[in-house]
Protein chains: 2
Amino acid sequence: MASTIRLAGRLDPREGWDADRCSVARAFDVVHTRSALLILREAFYGTARFGDFAKRVGISEPVAAARLKELVESGLLVQEDYREPGQRVRRLYRLTQKGAELLPVLVALMDWGDRWACDDGGPVALRHQDCGGVVHAELRCEHGHRVAADELELAVRAGAAP
Amino acid sequence: MASTIRLAGRLDPREGWDADRCSVARAFDVVHTRSALLILREAFYGTARFGDFAKRVGISEPVAAARLKELVESGLLVQEDYREPGQRVRRLYRLTQKGAELLPVLVALMDWGDRWACDDGGPVALRHQDCGGVVHAELRCEHGHRVAADELELAVRAGAAP
DNA sequence: CGGCATCCTTAGGGATACTG
DNA sequence: CAGTATCCCTAAGGATGCCG
């Protein structure tokens, strides 16, 4: 059946597999909750202030406070105090490099949701500023080849032996 | 500061934004838990049987049963009863097309975890079978251009007005 | 082997009210 | 505006035990 795939690979890396070392699990543990994910989405959209996060994500202030604190502690966001001349101090939350590199995760989720969880293709689209083309997250090898799921091979990295 | 980015775009799509229509949120709601994500990871690695999921993901049987049932109900996995001649019936869980298309999400998470949550670059690597090149999830527009975060533009889709 | 039933603990998240 | 303090509910997930 074409609807099921599996990663190719001669050796079975799952023997002696240490679940705690899995990068997928570790990445999930950092993001960790729905509210944190949506706060990151808003940060990508340019949101920077406490109240805007709570309002736009649709969560209560206590939850927003807890998630923002965790995200700062994890190094995904930085809090900056910022004062324009003659204005009161504003507190801004902004993405760090570490946080910004989660963008492909967000885009991949958006792609999937647009395709499988929306009637209409989703409320927003990402476009390439230069050419206007719609942007997606896709699998490419380091030589630039587009890689289909059945062309993947799973390899255990050196030093990752059981 | 180079470590913060924001999506370009002249109009602000967040006014009138309906949080429930967000594809990122909807996709997260389908996957929904850590254990479901790791079950999907195992499905990509070729795991198909109940006990293997529980053991390799590192979760209890009740949790595995609950997640597998949810994933089947969501249409990400199918359960097949399968009998080799002379053997007892085996039950297999396999990815559907809908589930298989979550692969870029998993790869993007793995990429991020390898880079930011592991000392050693992560336990496994994905390679392109044909050329051996390491595979990553990256942002490309429909014309094949590689798209950096600051080249993105957010556009409200037709019919997505407030 | 492939589950389900039960009990338990912890954490995510909403509501409300209050402070600097 | 940017939070904090309480209280409460629900769900994720482990442990144990049973069943076809």
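Below, chain A is the first sequence line, B the second, and so on; all start at residue 1. Everything quoted here is computed from the prediction, not taken from an experiment.
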Nucleotide dC4(C), atom P - distance to CZ of R67(B) in whole Å: 12 Å
Quick one: NE2 on H32(A) to CG on L37(A), what's the gap to the nearest 0.5 Å? 12.5 Å
Rounded interatomic separation in angstrom, taking NZ from K55(A) and P from dG13(C): 20 Å
CZ of F50(A) versus C1' of dG20(C): gap in Å, rounded? 14 Å
Tell me the interatomic distance from R90(B), atom CZ, to dC1(C), atom C1', rounded to whole angstroms. 9 Å
Rounded to whole Å, please give me the gap between NE2 in H32(B) and C1' in dG12(C). 11 Å
State plainly whether one hydrophobic cluster holds both L92(A) and V57(A), where clusters connect Ile, Leu, Val, Met, Phe, Trp and Tyr through side-chain heavy atoms under 4.5 angstrom apart. no
For residues H128(B) and E151(A), is any side-chain donor paired with an opposing acceptor at under 3.5 Å? yes
Charged N-O contact under 4.0 Å between R26(B) and D114(A): no
For Y93(B) and S35(A), find the nucleotide of DNA chain C closest to each by heavy atoms; which residue's nucleotide sits nearer the 5' end? Y93(B)
Need two values: the first and the last nucleotide of DNA chain D, 5' to 3', having an atom under 4.0 Å from any heavy-atom of chain B. dA12(D) to dT16(D)
For R49(B) and dC1(C), is the shortest distance between a side-chain N/O and OP1 or OP2 below 4.0 Å? no
Could you check how far CG of L68(B) sits from P of dC4(C), rounded to whole Å? 9 Å
How many whole angstroms separate atom CD of Q79(B) from atom C1' of dG2(C)? 9 Å
Between E61(B) and E70(B), which residue's closest nucleotide on DNA chain D lies nearer the 5′ terminus? E70(B)
Does D81(A) come within less than 4.0 Å of R90(A), counting only side-chain N to carboxylate O? no
Please report the interatomic distance CG(L102(A)) to CG(L109(B)), rounded to the nearest 0.5 Å. 7.5 Å
Please determine whether a side-chain nitrogen of the Lys or Arg among R91(A) and E80(A) lies less than 4.0 Å from a carboxylate oxygen of the Asp or Glu. no
Rounded to whole angstrom units, what separation is found between the NZ atom of K69(A) and the P atom of dG12(C)? 14 Å
